[in-house]
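Contents: one structure, followed by commentary.
Numbering of ligands and ligand atoms starts at 1, following listing order.
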Amino acid sequence: MSTDKKIESSQASEQALEHRKFRDDEFWKELPGWASVPHDEFADHKWQNKNAIRKVEQVEKVLGSRVSKETMDDIYAGQKITPMNIRITPYIFALINWDDPLNDPLRKQFLPMGSQFLPDHPYYREDSLSEDVDSPVPMLTHRYPDKVLFLPTTICPVYCSYCTRSRIIGGSTESVEKSSYGASQKKWDDVFEYLKMNPEIEDVVISGGDSFMLTAKQIKYIGENLLMIPNIRRIRYATKGIAIFPMKILTDDDWVQAISEVHKLGRSMNKQVVIHTHFSSPKEITTWSQKAMDRLYSEGIIVRNQAVLQEGVNNTVEDMVLLTRQVSYMNVQPYYVYMHDMVPGCEHFRTTLKEGVELEKAVRGITAGFHTPTFVCDLPGGGGKRHVASYEYYDQENGISVWTAPYVKPGQHFTYFDPIHKLSPEAQKRWSDKGTVETMIKEAVKKAGY
Ligand code: SF4
């Protein structure tokens, strides 16, 4: 082999093994406020909880001279617009590249800056997926015949700027008033009763909010009650926790034991109990993530990943391939990558459908099929998740796609729109005229056969 060929081949294999490198340095010590925090303290879930960033003032306190006045002003401005509270674990906060916060994928996801926001799309909805419409009892969405979404809590260990349930999750903000907060256990029994009365339901997603914020007792109470319902065959606890707070898996033994006991009970009844998590950026992953996954894996618990496609976070082939390979390496099964929902305060995160289709093409084939995520668009209006390339018609120039969901909502059609700022200047001009927009949508729907 020639020297050039040898160099090329060793570079190729280095790239192919990139996903096996896990960050293992004391990264938090780079921040003035935490420079003297010992490893064991930083690794403790109680310390992480106690020191979570909940106010902009704490950002300044921890970063000291690492943050410029301009950046701080931008963060303060973000608080006036965002529909989400601030809550960031020290783990994630310290992983942000504070030399370039504007472009950092973790800062983008959890600490909004005023300068990043764009006007909402004219067809955005607060409840984009129509979860409230398909809700037969409080805290429950029943859309697919055999599956329900149970939301027992409205709080999370971090608040994501891209949250699809920003209308209910976390506390009120300067821009949004929210009526509920926390875990309202009194209403859970109504949910269990509904599930008993509807024997076609077999699958329950326990989300929220985030299952990390349920106590060990609540994890068991919910899990055991669900498993005792004869028709329930599958339970999924949804939590972003493993991605943004792996220390809880490693040091909160009561919580891990609770979920492990529910899992064992499920197995003894031939029922599935799994965890769904949300790694969205390879930058969220360290040796702590790998160790947390090793613990869950040794308990026999299957973990699947659902990422959200976000501009500047994971919308490059390089990042998506690394994310897919790295979570797979930790025994997390890449399950879904979602097109961003059309919710308020998120236009800067959204990508075009074309980008989703292209990324899915690029990722398919990099690893085994069962570790290849399905790229989906969760249809506005409640059509459910559809493969990104399964639209009926897509007007790429004007960013209008038309979809159907024959089994979920027979006879109905749904529309999803690309972010206007990503369209050509001519198309952007067309979107500025209401009459033209209505005509464009009607034409797209007609071309789709409706
Ligand atoms: S963890 Fe999930 S529910 Fe909570 S803020 Fe993030 S996206 Fe929303």
Side-chain angles (χ1 to χ4, degrees), residues 48-49 52-54 78-79 82-89 91-93 95 105-112 125-129 131-132 135 139-141 149-173 175-176 178 180-184 205-214 218-219 222 236-249 255 275-281 283-284 289 292 303-311 313-314 332 335-346 348-350 376 378 385:
Q48 288 281 326
N49 254 334
I53 304 285
R54 295 184 180 86
Q79 287 308 294
T82 178
M84 298 302 288
N85 285 151
I86 297 186
R87 189 183 165 109
I88 314 172
T89 51
Y91 171 75
I92 281 293
F93 188 80
L95 282 171
L106 306 187
R107 197 286 306 154
K108 282 183 185 178
Q109 289 182 90
F110 307 111
L111 189 60
R125 302 179 199 197
E126 272 166 22
D127 179 15
S128 168
L129 308 179
E131 290 177 340
D132 299 343
S135 177
M139 298 182 181
L140 195 79
T141 297
L149 172 66
F150 176 25
L151 308 174
T153 180
T154 65
I155 52 175
C156 306
V158 292
Y159 290 119
C160 315
S161 302
Y162 59 86
C163 185
T164 199
R165 295 190 194 110
S166 58
R167 69 192 187 281
I168 50 171
I169 298 302
S172 301
T173 66
S175 64
V176 181
K178 300 175 195 181
S180 55
Y181 189 77
S184 178
V205 180
I206 304 155
S207 186
D210 192 304
S211 297
F212 249 40
M213 300 305 271
L214 297 169
Q218 290 171 331
I219 288 282
I222 291 174
R236 315 180 222 170
Y237 287 96
T239 173
K240 191 165 171 63
I242 307 169
I244 48 78
F245 188 11
M247 290 81 176
K248 185 170 169 87
I249 301 288
W255 195 89
I275 293 180
H276 278 202
T277 195
H278 315 281
F279 286 95
S280 281
S281 162
K283 296 247 168 4
E284 292 161 356
S289 333
V303 179
R304 303 189 189 113
N305 194 54
Q306 304 184 180
V308 178
L309 183 58
Q310 296 160 77
E311 168 85 25
V313 172
N314 55 16
V332 177
Y335 174 40
Y336 277 145
V337 175
Y338 289 89
M339 294 298 300
H340 205 298
D341 293 328
M342 296 186 61
V343 286
C346 289
H348 57 290
F349 278 129
R350 293 207 308 122
V376 291
D378 212 341
K385 299 165 200 67

Any N/O/S atom, backbone or side chain, of H278 lying under 2.8 Å from atom 6 (Fe) of ligand 1? no
Less than 4.0 Å is my threshold; does some heavy atom of M84 fall inside it relative to ligand 1? yes
Considering only non-hydrogen protein atoms, determine which one is nearest to atom 8 (Fe) of ligand 1 and report residue, atom name and distance to 0.1 Å. C163 SG, 2.3 Å
Classify the angle between the aromatic ring planes of H340 and F349 as parallel (below 30°), tilted (30 to 60°) or perpendicular (above 60°). parallel
Student check: side-chain heavy atoms of K283 and L95 closer than 4.5 Å: no
Reported CD1-to-CZ distance for the pair I275 and R304, which is rounded to 0.5 angstrom: 11.0 Å
Proximal atoms of ligand 1 relative to G209 (non-hydrogen, under 4.0 Å): 3 (S)
Distance, nearest 0.5 Å, that separates CD1 of I219 from CZ of F212: 9.5 Å
Distance under 4.0 Å to a non-hydrogen atom of C156: what atoms of ligand 1 satisfy this? 1 (S), 3 (S), 4 (Fe), 5 (S)
N, O or S atom of C160 closer to atom 8 (Fe) of ligand 1 than 2.8 Å: no
Is a donor from one side chain sitting under 3.5 angstrom from an acceptor on the other, for T239 and D210? yes
With the side chain counted from C-beta on, respond yes when Y91 and S289 share a heavy-atom pair under 4.5 Å apart, and no when they do not. yes
Does the protein put a heavy atom under 4.0 Å from atom 2 (Fe) of ligand 1? no
